[in-house]
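The structure appears right after this line, and notes come after that.
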There are 2 protein chains.
Amino acid sequence: MAQKNKLKYIILGLLGERALTGYDIAKAFTADIGEFWSANHSQIYPLLKRLETAGLITHQLQVSGEKLEKKVYSLTAAGQAQLQDWLHEPTRELTASKDEFILKLYFVQNANDPLLPPMLTEQLNLHQAKLAHLKQQMARKFSDQASQIANYGHFLILQHAIEREQGYADWLARTLAQKNEH
Amino acid sequence: MAQKNKLKYIILGLLGERALTGYDIAKAFTADIGEFWSANHSQIYPLLKRLETAGLITHQLQVSGEKLEKKVYSLTAAGQAQLQDWLHEPTRELTASKDEFILKLYFVQNANDPLLPPMLTEQLNLHQAKLAHLKQQMARKFSDQASQIANYGHFLILQHAIEREQGYADWLARTLAQKNEH
DNA sequence: GCTGCCATGTAAGACGTTACATGATTAA
DNA sequence: TTAATCATGTAACGTCTTACATGGCAGC
C-alpha cells in the first residue's frame with residue numbers, strides 16, 4: 001500500500017478548513033504543506049472522485065466568467081468523522097526522510113575526497129535559499145501573535161521547517177569549515 | 001517515475017565498499033542508511049538481477065554449510081563508473097520529507113485543542129527514544145577520531161541524524177512547555 | 001527440537017511521477 | 001494579443017509495500 005493513503009486525510013483536512021477546488025488543493029502542496037508532503041494534481045483529481053463516491057466529500061459546481069466550471073468540494077459529516085478519527089489516532093511511525101545528498105555523502109569514503117567541498121557548498125546554498133524563503137513566509141504571515149494563534153497549525157509547521165533548515169545549513173557549514181581548517 | 005531509481009545507486013554504493021549478498025543490502029537499511037532511505041528485500045532482489053543483466057554488477061555463488069547458497073554481489077567496472085557519475089552529479093532536489101505527525105498538527109486549528117498535549121508528548125517520546133538509540137550507535141562506532149575519519153560518510157550521516165532528532169525533540173519539548181505555561 | 005536468524009525469491013496492488021490533452025480567464 | 005494562471009482530466013509507467021512462499025543454519 002506504499003503509504004496507506006495519507007493523501008486522503010490531507011484532502012479531508014484541507015476541506016475541513018474551507019471548501020476548495022482540486023486546483024486549490026494541488027496549490028496547497030506548493031505552500032506550507034509542501035514542506036511535509038507532496039502531491040500532483042494527477043493524483044488529486046482521481047482521489048477526489050473516489051472520496052466523493054465513498055461519501056466523504058461532495059461538490060458544488062461554480063461557474064467563473066462565461067463557461068469555466070469549478071468543482072468546489074466540501075466535507076460531509078462522514079468525511080468530518082474520518083478526519084477526526086485520523087487526528088485522534090496515534091502516530092507511531094517516524095518515516096525515514098529520503099535524502100539523496102546524504103546518501104551520496106555516505107558513499108564518499110575518504111574524508112579528504114576533493115569532491116566533498118563542492119558538494120557541501122552546493123547543498124549549503126540550496127538550504128540557505130530555502131531557509132531565506134521560509135523566513136520570509138514567516139515574517140509575511142505571522143508577524144503578530146494573534147495570527148500565530150489563529151493559524152496555529154500553519155505557524156507550527158513553518159516554525160519547524162525553519163528550524164530544520166537552519167539545523168541542516170548549520171551542520172553543512174560546520175562540516176565545510178572543518179575541511180578548511182587543514 | 002516516482003523517484004528515478006535511487007535504490008540502484010545505493011546498491012552500487014554499498015557494493016563499492018565491499019561484496020555483499022542481497023540479504024546484507026536489505027540489512028543495511030535497518031542500520032545507518034535507514035535514516036535516509038528505506039527499501040525491502042522484495043525490491044532489492046529483483047533489482048539486483050536487473051543490475052546484473054545490465055552489466056553493472058556480478059555475483060559469485062558461495063556455499064554456507066551443506067547446501068545454503070548465497071549470491072555474493074560485487075561491482076563491475078561499468079557499475080563503478082555509474083556510481084562515480086552519480087556521485088559527481090549535482091544534487092538539486094530537496095525532497096519533501098513526509099511527516100504524518102506534522103500534517104496532523106497542521107490540521108489542529110485551535111491552539112488550545114486538548115488533543116495537542118498528548119500528541120506532542122507521544123512524538124516527543126518517539127523522537128527521544130530514537131535519539132538515544134542514535135547516540136548509542138555513535139558512541140559504539142565512533143568513539144575515537146580515527147574511526148570517524150576511516151568511515152567518514154558513516155560518521156557524517158549519524159551525526160546529522162542525531163542533530164536532526166535533537167532539533168525535532170527540542171522543538172516538541174518547547175511547544176509542549178509553552179502550552180503548560182497557561 | 002525449536003527458535004531466531006540467514007537467505008532468496010514472486011505476486012498483487014497501492015502509491016506517485018511524468019507526460020499527454022484540453023480549454024477558460026485575467027491582466028499587462 | 002499574448003503570457004500567466006486557473007481549471008480538470010487521463011494514460012503510461014515506475015516505485016514501494018504487504019503478503020505469500022520456501023528452505024537452511026546456528027545455538028540453546
Side-chain angles (χ1 to χ4, degrees), chain A residues 1-11 14 19-31 33-34 36-54 57 59-73 92-93 95-98 100 103, chain B residues 1-11 14 19-31 33-34 36-54 57 59-73 92-93 95-98 100 103:
Chain A
M1 285 160 200
Q3 217 115 201
K4 248 186 47 188
N5 220 355
K6 302 291 161 54
L7 182 55
K8 163 179 160 181
Y9 295 108
I10 300 173
I11 290 178
L14 287 170
L20 294 169
T21 66
Y23 188 85
D24 293 330
I25 292 170
K27 256 200 321 185
F29 289 98
T30 67
I33 214 175
F36 300 100
W37 210 270
S38 62
N40 299 310
H41 77 273
S42 57
Q43 208 184 342
I44 291 165
Y45 287 118
L47 184 48
L48 283 170
K49 289 195 170 177
R50 273 184 8 241
L51 294 177
E52 186 160 38
T53 305
I57 62 177
H59 78 270
Q60 277 190 296
L61 277 181
Q62 203 183 85
V63 180
S64 283
E66 281 297 298
K67 338 181 174 174
L68 185 60
E69 290 191 342
K70 297 184 191 187
K71 294 185 179 178
V72 183
Y73 288 92
R92 291 210 178 78
E93 333 87 79
T95 320
S97 57
K98 302 199 162 182
E100 186 181 3
L103 285 176
Chain B
M1 285 160 201
Q3 217 116 201
K4 250 186 47 187
N5 220 355
K6 302 291 161 55
L7 181 55
K8 163 179 160 181
Y9 295 107
I10 299 172
I11 290 178
L14 287 169
L20 294 169
T21 65
Y23 188 86
D24 293 331
I25 291 171
K27 256 200 319 185
F29 289 98
T30 67
I33 213 174
F36 300 99
W37 210 271
S38 62
N40 299 310
H41 76 274
S42 57
Q43 207 185 342
I44 292 165
Y45 287 117
L47 184 50
L48 283 170
K49 289 196 169 177
R50 269 178 18 235
L51 293 177
E52 185 160 38
T53 305
I57 62 178
H59 79 268
Q60 276 189 299
L61 277 180
Q62 203 182 85
V63 180
S64 283
E66 281 297 299
K67 334 182 176 177
L68 185 61
E69 291 191 342
K70 298 186 193 186
K71 293 184 178 178
V72 183
Y73 287 92
R92 292 208 178 81
E93 332 88 79
T95 321
S97 56
K98 301 201 165 182
E100 186 180 5
L103 284 177

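Just so we're on the same page: letters track the sequence lines, and every chain starts at 1.
For Arg50(A), whose side chain is taken as the heavy atoms from C-beta onward, the closest listed nucleotide among dT18(C), dC15(C), dT8(D) is dC15(C). Minimum atom distance to the side chain of Thr21(B) is reached by dA7(C), of the listed dA19(D), dA7(C), dG24(D). Closest to the side chain of Tyr45(A), from the set dT10(C), dG16(C), dG9(D), is dG9(D). Nearest to the side-chain atoms of Asp24(A) among the listed nucleotides dA7(D), dT10(C), dC16(D) stands dA7(D). When distances are taken from the side chain of Tyr23(A) to each of dA7(D), dG9(D), dG16(C), the shortest belongs to dA7(D). With distances taken from any side-chain atom of Trp37(B) to the nucleotides dT10(C), dC16(D), dG16(C), the minimum falls on dC16(D). Relative to the side chain of Ser38(A), the nucleotides dA19(C), dT17(D), dT17(C) differ in distance, and dT17(C) lies closest. Between dT18(D), dG9(C), dT8(D), one nucleotide has an atom nearer to the side chain of Lys71(B) than all others, and that is dG9(C).
A straight line from CD1 of Ile44(A) to C1' of dG9(D) spans 13 Å, rounded to a whole angstrom. Distance CG (Leu47(B)) to C1' (dT15(D)): 11 Å, rounded to an integer number of Å. Rounded to a whole Å, the CD atom of Gln43(A) is 17 Å from the P atom of dT8(D). Summarising the geometry, the separation between CG on Leu20(A) and P on dC6(D) is reported as 14 Å, rounded to the nearest angstrom. Phe29(B) has its CZ atom 13 Å from the C1' atom of dT15(D), to the nearest Å. Atom CD of Gln62(A) and atom P of dA24(C) are 18 Å apart (whole Å). Atom OH of Tyr73(B) is separated from atom P of dT8(C) by 7 Å (rounded to the nearest Å). Across the protein-nucleic acid pair, Glu69(A) atom CD and dT25(C) atom P stand 11 Å apart, rounded to whole Å.
Heavy-atom distances to DNA chain C give each of Leu48(B) and Lys27(B) a nearest nucleotide, and the one nearer the 5′ end belongs to Lys27(B). Comparing Leu7(A) and Val63(A), the nucleotide of DNA chain C nearest to each residue sits closer to the 5' end for Leu7(A).
As judged by a 4.0 angstrom heavy-atom cut-off over every strand, Lys8(B) is placed among residues making no nucleic acid contact. Looking at heavy-atom distances under 4.0 Å, Lys49(B) makes contact with sugar-phosphate atoms alone, never a base.
Contact between Phe29(A) and Ile25(A) at its shortest, heavy atoms only, is CD1-O, 3.3 Å. Nearest heavy atoms, Ala19(B) versus Val72(B): CB-CG1, 3.5 Å. Nearest heavy atom pair, residue Ala26(B) against residue Ile44(B), reads CA-CD1, 3.5 Å. For the pair Lys8(B) and Leu47(B), the tightest heavy-atom approach, listed with the atom from each and the gap, is N-CD2, 3.8 Å. What you find for Leu14(B) and Ala28(B) is that their closest heavy atoms are CD1-CB, 4.0 Å.
Counting atom types as modelled, Ser42(B) pairs a side-chain N or O with a base atom of dT18(D) as donor and acceptor under 3.5 Å.
Listed for the Thr53(B) side chain is a donor-acceptor partner under 3.5 Å among the backbone atoms of Lys49(B).
Contact check, Asn40(A) against dT17(C): a side-chain N or O comes under 4.0 Å of OP1 or OP2. Residue Asn5(B) places at least one side-chain N or O under 4.0 Å from the OP1 or OP2 atom of dT15(D). Taking 4.0 angstrom as the limit, Lys98(B) places a side-chain polar atom (N or O) nearer than this to OP1 or OP2 of dG16(C).
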